Structure formats: C-alpha cells, structure tokens
Trainee: 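Got a structure here, written out as structure tokens. Questions coming.
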Amino acid sequence: MKRSLAFGGLVATAGLLAAGLATPAQATNTVSSDTLASTNLAAQEVAAFWYGEAKANLINATPYGVETKVVNAKHVSTGGPSADTKPGVVPAIGDEKKTASKSKNVNLPKTSGKVFFIGGDGRPHWCTATSVQSGYRNLVATAGHCVYDTESNKATLDKWVFIPGYYQQKTPWGIYVGKQAFTHYDYDVYEDGDRDYAFVTVYNGVLPESVSADRNYESKVFRTRAEAEKELRRLQEDKSTGWSDLKIVEVRGDHYGRGDHHGRDNRRGRDHDRGYKVAVTVSEFAKLNPGKDLTGNGPWAEGTGADAAVEISKSDYRSYRDSYVSGDGSTLYFRTKVEKPAPADTPSPSTEASPSASPSASPSTPTDSTPAAKATDDRRWGGDHGHGDRDYKYFKRTFWATKQQQGVRGYKIVGKKLAIGLKDVGRLGDNVGGQGLAYNQKLGKPVFVFGYPSGVHPDGNNAFTGKTLKYSYGKTFAVQVPEVKGEELQGIKSPFTGEGAIGSSWLLNYQSARRVGYLNGVTSGLADTDKNGRIDTSFSPYFDGETYGVYKAAANLWSGKIV
C-alpha cells in the first residue's frame with residue numbers, strides 16, 4: 001500500500017546500474033525505529049546469552065515461523081508494484097568505483113548469515129539476513145517480522161544478533177548485537193506486507209575469550225503475583241539490561257518487600273537467619289496441624305512446634321473461657337482444672353505442659369475467630385463461673401514454623417547473567433563487506449536469492465536443512481498476496497522452503513568474483529502457486545523510494561564497541 005510522496009534530492013552516480021539516477025530525500029513520517037540493546041552492558045549480556053552454556057541457545061534455535069505465509073498467490077500481469085521516483089542505487093562496500101564484470105561461477109556472499117532472537121514463545125529462533133553498505137559499516141537487512149514481534153505485539157524481538165557465515169555453531173566473524181531497528185511506519189503500525197523489511201544497526205562484533213560462572217539476579221519480594229508480573233514485563237522490555245531466564249518464584253517466609261530484610265516484616269518481628277524457625281499465628285499453626293490439641297504436647301507436623309507453656313497469674317488471664325487467642329492472633333491462652341490444691345511437689349508448668357497438667361476435657365482448638373477477653377465484662381477474671389470448688393492453672397503459649405512451612409508470603413523475580421570474556425573483532429562491513437542497495441528498479445530483471453531454506457514442501461518432501469547457505473536465480477515479476485496485506489509485491493520462481501529462507505537477500509547484478517551486488521528485496525513469504533504441493537515462489541516487498549528513506553535513516557548512525 002503506497003502513498004504518493006514528493007521527493008527532492010541530488011544525483012547519484014555510483015554503482016553497476018545506470019548513472020544519473022535521482023536520489024530521493026528521506027520521506028516524512030515513513031520511518032519507525034526501536035531500540036534493541038541500548039547500552040554496552042546490555043549488548044554484552046546479549047552476546048553472552050548466545051555464547052554461554054556451550055552455545056546451547058544457538059544449537060536449539062529453530063527457523064522462525066511467525067508471519068511466514070505459504071499461500072496460493074495469484075500472479076498478476078497488471079498492477080503490482082510501481083516506482084515512486086526514478087531508479088537509484090547505493091554501491092556495495094568496496095564497489096564504490098568498480099565497473100561491471102561477469103562470472104560463470106556463483107560464489108556465495110560473505111555478507112549473508114543468520115539473525116538469532118527470542119520469539120514471542122520465549123524460545124530461540126532464526127531467520128536469514130545480510131550486511132549492507134552504510135556510513136559506519138554496521139547495517140543489516142532482513143524481513144520486518146524477523147525483527148518486530150508481530151505475534152505478541154511487543155516492539156521488537158528479544159536478544160537480537162546477526163552472525164554472518166554461521167554454520168553448525170561456528171561464528172567465524174563473531175556475533176553482532178543489534179542496537180537499533182528501523183522499518184516503515186506502515187509495517188510498524190499496520191503490519192503492511194508491502195513494507196515487511198527492516199534495517200538494523202549493530203555493534204562491533206565480538207568473540208569469546210573466557211567463560212565463568214553465572215551471576216544471579218534476584219529482585220525484591222512482591223506481595224502479589226500481579227506486582228511481580230508487572231516488574232517482570234518491565235525487565236523484559238528494558239533494553240538497557242541483559243538479564244536472561246527471568247522467571248517468577250514463590251517466596252516462603254516472613255518478609256515482604258526488599259530481600260535484604262529491610263522490607264515489611266510480620267507482626268512477630270524479624271528473622272535474619274534464612275531457614276530458621278519464625279513465629280506464626282495460632283490460626284496458621286492450627287492449619288498446619290489440623291485436629292491437634294494445641295494445649296497438648298503434639299506430635300506436631302514436621303517443621304512446626306509449640307513453645308513451652310508459661311504459667312501466668314489469675315489476673316493476667318482475662319477471660320472466663322477455657323481458652324482464647326490474643327487480639328493480634330499470636331498467643332494462645334488456656335486454663336486447666338485443678339480439683340483440689342496441688343501437692344507441694346507438683347512440677348512447675350513453666351516448661352512444656354505435661355499430660356497430667358492437661359484438663360480432662362481439652363479446650364477446643366482455637367482460631368483467630370475465638371472471642372478475645374472482654375476487659376469490662378467478667379465479674380471474676382479467671383473464675384470458675386459459679387463452680388467455687390474448682391481451682392485453675394493459667395497458661396499462655398506461642399507457636400513457630402520453619403519458613404518452608406509457612407506457605408507463600410510473596411513473589412520475586414530471579415534470573416542470571418553469563419560472565420563471559422569477550423574481545424572486539426571490529427565492524428561488520430570491514431569483516432564481511434556489505435551489499436549495495438537498489439530501489440525503483442523495473443520488474444523482469446534477474447536476481448540471485450541467498451538464504452538458509454529449511455523444512456519440507458507441502459507434499460512432505462524434505463528439500464533443505466537450513467544448515468548451509470543456498471541460492472536460487474530468476475527474474476522478478478509482480479505478485480499480490482492479500483493474506484499478508486501485500487498488494488504491491490515482487491516475486492521470483494524459487495524452490496526455497498520453510499521459515500529459514502525468510503529474510504533472504506535478493507541481489508541485483510550480483511558479481512560472483514567479488515561476491516557483491518545490489519540488495520533489491522528480502523524474502524517475506526513463500527507460495528505454492530500451481531497447487532502441486534511444492535513451493536515454487538518466493539515474494540518480497542518492492543524496494544522503492546520509501547524503502548530508501550528507511551535505509552537512509554539507519555545508514556549513518558554510529559554503533560561502536562561493546563567491549
């Protein structure tokens with residue numbers, strides 16, 4: 001879906017294509033940009049994520065399937081893409097003053113590679129991408145949906161890196177962490193298939209020098225899971241950090257708030273010794289010991305216990321009931337009957353209450369709902385309520401449980417950082433070169449498509465593995481794919497299968513001897529147009545003046561080193 005734009009500009013004279021081509025100024029309100037990793041620290045952690053654990057995340061990555069359409073696209077002879085200004089080119093790195101040459105051999109370009117990232121499903125995935133010319137030799141081009149998270153509608157995919165020449169865990173020229181992504185406004189907002197491309201600036205490449213143990217992250221403790229989930233989303237969307245494997249865990253203990261014991265504590269004070277016993281309310285203890293007489297000697301559930309019953313005076317027992325719970329729920333008060341004065345050698349009840357000291361009919365197990373003493377009510381606090389021939393002994397006791405027995409008291413977020421020594425290997429374009437850019441070109445010109453196709457044809461034939469770089473060759477033609485909102489696309493006959501081919505570079509006037517050409521498209525989808533069960537067509541957005549505007553917005557931005 002195109003918009004009519006007025007362009008001005010100078011004349012471009014570089015490249016293998018015709019000289020005297022108008023170079024449009026960047027279009028207004030057509031470019032959207034988003035941050036991938038905003039700081040050196042974040043970029044280091046992203047690189048460490050892919051290098052760490054013996055490159056397990058690279059090994060386990062799978063081709064990205066989101067927004068990859070295998071459709072029965074209908075070719076159209078009229079309509080389709082059209083140029084919005086005159087044709088234009090940007091020369092490839094090293095090709096600024098070169099002339100055209102021909103070669104019968106097809107040497108694969110060093111510029112191609114894979115982009116790795118974490119998808120909306122939380123798993124590692126990859127697409128194809130290529131290095132392109134830019135002012136600081138730090139630019140990568142791929143399909144828009146290999147950068148922007150159209151599945152969960154976040155701004156960008158997480159932990160985005162480009163690895164040129166990737167093959168079976170090898171990173172011959174290093175890993176290049178994405179810094180900032182640029183795409184067309186219509187794709188960012190409307191997911192317009194005609195604009196399914198992206199240009200990404202990357203930091204200098206890095207290779208690992210050493211690997212050390214993980215560093216752990218632990219947040220403060222949140223009272224509710226909803227608060228923890230909010231913080232988790234903030235951390236995941238924060239591009240200035242590089243924490244990985246973030247998840248919410250339950251906290252069982254007496255602390256809310258900060259994990260350094262300066263948050264909110266329970267009503268019984270603080271317990272600074274992790275794993276040690278802490279006071280619990282009578283109600284909590286009763287729930288952990290269902291059916292038990294709390295005035296007796298147990299046995300109690302594992303990890304719980306009752307403190308020794310302490311004898312108190314009659315005046316301190318402020319109720320006429322056989323037992324009651326203090327107003328704050330922390331203490332059980334109870335009394336035991338004594339039918340006659342106790343002998344002089346009766347053991348003191350200042351230690352754990354013995355069975356002989358227990359009443360013949362034990363008080364019912366109290367809860368927090370047991371009425372507390374009425375300070376203004378009873379005529380005889382602690383009295384026998386009319387039974388003057390009875391004496392009583394009066395006690396109070398408290399209860400404890402280990403933190404593991406107390407139930408969930410909060411939630412916290414944990415994660416890790418991989419401590420990996422990294423060395424700088426320089427700029428992307430200096431190491432592998434960069435393809436030129438061509439826009440507003442006529443359809444019907446031959447192009448090479450380079451990518452990592454994977455997967456099976458609809459009929460089940462497993463044609464490609466996605467492990468090695470492949471190419472196809474053909475002439476471009478107009479195609480429409482309404483399923484992806486693609487009204488002005490270009491297509492090419494190609495047997496490339498599977499999601500791995502998404503982002504493949506379409507190179508016009510490719511010179512095999514020098515492995516450079518002009519990027520004129522990126523694969524955004526695949527199709528079986530004759531319905532025979534075999535993929536026969538790849539399609540791409542048509543590169544026009546607005547594409548050049550997006551490219552230009554990214555092409556002169558510096559990224560720098562991360563180590």
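In this text, all values refer to a predicted model and were calculated from it rather than measured experimentally.
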Trainee: With a 6.0 Å cut-off on the ring centroids, do Tyr394 and Phe334 count as close?
Mentor: no

Trainee: Using a strict threshold of under 4.0 Å (side-chain N to carboxylate O), is an ion pair present between Glu231 and Arg234?
Mentor: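 Yes, this pair counts.
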
Trainee: Quick one: which of Trp160, Tyr166, Phe49 gives a ring pair (Phe, Tyr, Trp, His ring centres under 6.0 Å) with Phe116?
Mentor: Tyr166

Trainee: In terms of ring plane angle, is the pair Tyr176 and Phe162 parallel, tilted or perpendicular, where the classes change at 30° and 60°?
Mentor: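 Tilted.
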
Trainee: Between the side chain of Thr183 and the main-chain N/O of Ala198, is any donor-acceptor distance below 3.5 Å?
Mentor: no

Trainee: Go through the side-chain N and O atoms of Thr156 and Asp34 and say whether any donor and acceptor fall under 3.5 Å apart.
Mentor: no

Trainee: Salt bridge check, Glu218 against Lys412: does any charged N sit closer than 4.0 Å to a carboxylate O?
Mentor: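 A salt bridge is present here (some side-chain N lies under 4.0 Å from a carboxylate O).
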
Trainee: Do Phe464 and Tyr452 have side chains that get closer than 4.5 Å, going by heavy atoms?
Mentor: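 No, every pair of side-chain atoms sits at 4.5 Å or beyond.
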
Trainee: Whether Arg335 engages the ring of Tyr392 as a cation-pi pair (distance to the six-membered ring centre under 6.0 angstrom, angle to the ring normal within 45°) should be assessed.
Mentor: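 Flagged: Arg335 positioned over aromatic ring of Tyr392.
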
Trainee: Which heavy atom of Leu557 sits nearest to which heavy atom of Asn138, and what is that distance?
Mentor: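 Heavy-atom minimum between the residues: O-ND2, 2.9 Å.
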
Trainee: If the plane angle is over 60° it's perpendicular, under 30° parallel, otherwise tilted; pick one for Phe285 and Trp300.
Mentor: perpendicular

Trainee: Can you see which heavy atom on Ser330 is nearest to which on Thr398, and at what distance?
Mentor: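 Nearest pair, atom of Ser330 first, then Thr398: O-CG2, 3.7 Å.
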
Trainee: If you measure from CD on Glu499 to NE2 on His145, what distance do you get to the nearest 0.5 Å?
Mentor: 9.0 Å

Trainee: Supply the atom-to-atom distance Leu207 CG to Thr171 OG1, rounded to the nearest 0.5 angstrom.
Mentor: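 Atom-to-atom, Leu207:CG and Thr171:OG1 are 5.0 Å apart.
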
Trainee: Return the minimal non-hydrogen interatomic distance between Ala129 and Val115, and the atom names on each side.
Mentor: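 Residues Ala129 and Val115, closest heavy atoms: CB-CG1, 3.4 Å.
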
Trainee: Measure the NZ-OG1 distance between Lys230 and Thr224 for me, rounded to the nearest 0.5 Å.
Mentor: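 The OG1 atom of Thr224 is 10.0 Å from NZ of Lys230, to the nearest 0.5 Å.
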
Trainee: How close do Ala37 and Val177 get, counting heavy atoms only, and between which atoms?
Mentor: CB-CG1, 4.2 Å

Trainee: For Arg225, I'd like to know if atom CZ has over 12 heavy atoms of other residues, nucleotides or ligands within 6.0 Å.
Mentor: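 Yes, the 6.0 Å shell around CZ holds more than 12 heavy atoms from other groups.
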
Trainee: So, do Tyr411 and Phe222 have ring centers that fall under 6.0 Å from each other?
Mentor: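 No - the distance between ring centres of Tyr411 and Phe222 does not fall below the 6.0 Å cut-off.
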
Trainee: Mind checking whether His125 and Tyr64 have parallel, tilted or perpendicular rings, split at 30° and 60°?
Mentor: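 If you compare the ring of His125 with that of Tyr64, the planes turn out tilted.
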
Trainee: Do His184 and Asp192 have a side chain donor and acceptor closer than 3.5 Å?
Mentor: no

Trainee: Okay, side chain of Arg397, backbone of Asp307: is any donor-acceptor separation there less than 3.5 Å?
Mentor: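 Side chain of Arg397 to backbone of Asp307: a pair is present.
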
Trainee: Any side-chain heavy atom of Val140 sitting closer than 4.5 Å to one from Phe199?
Mentor: no

Trainee: Should the heavy atoms of other residues, nucleotides or ligands under 6.0 Å from NZ of Lys396 be counted, would the total exceed 12?
Mentor: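 Open.
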
Trainee: State the CG-CD1 distance between Asp424 and Ile562, to the nearest 0.5 angstrom.
Mentor: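 So the gap between those two atoms works out to 8.0 Å.
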
Trainee: Would you say Pro541 and Tyr187 make side-chain contact, with heavy atoms under 4.5 Å?
Mentor: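 With C-beta onward as the side chain, the pair stays apart.
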
Trainee: Distance check, rounded to the nearest 0.5 Å: Tyr51 atom OH versus Glu209 atom CD?
Mentor: 11.0 Å

Trainee: Measure from NZ or CZ of Lys159 to the centre of the six-membered ring of Phe117 and say whether it is under 6.0 Å with the direction within 45° of the ring axis.
Mentor: no

Trainee: Of all heavy-atom pairs between Leu332 and Ser323, which one has the smallest distance, and what is that distance?
Mentor: CD1-CB, 4.3 Å

Trainee: To the nearest 0.5 Å, what is the distance between OG1 (Thr39) and NZ (Lys179)?
Mentor: 9.5 Å

Trainee: Search all heavy atoms of Leu246 against all heavy atoms of Gly415 and return the closest pair with its distance.
Mentor: CD2-CA, 3.9 Å

Trainee: Once the angle between the rings of Tyr324 and Tyr333 is folded into 0 to 90°, is it parallel (under 30°), tilted (30 to 60°) or perpendicular (over 60°)?
Mentor: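 Rings of Tyr324 and Tyr333: parallel, under 30°.
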
Trainee: Side chain to side chain donor-acceptor pair (under 3.5 Å) between Thr281 and Ser283: does it pass, once the steps are laid out?
Mentor: CA-CA 5 Å; Thr281 66; Ser283 176; 5.0 Å; no

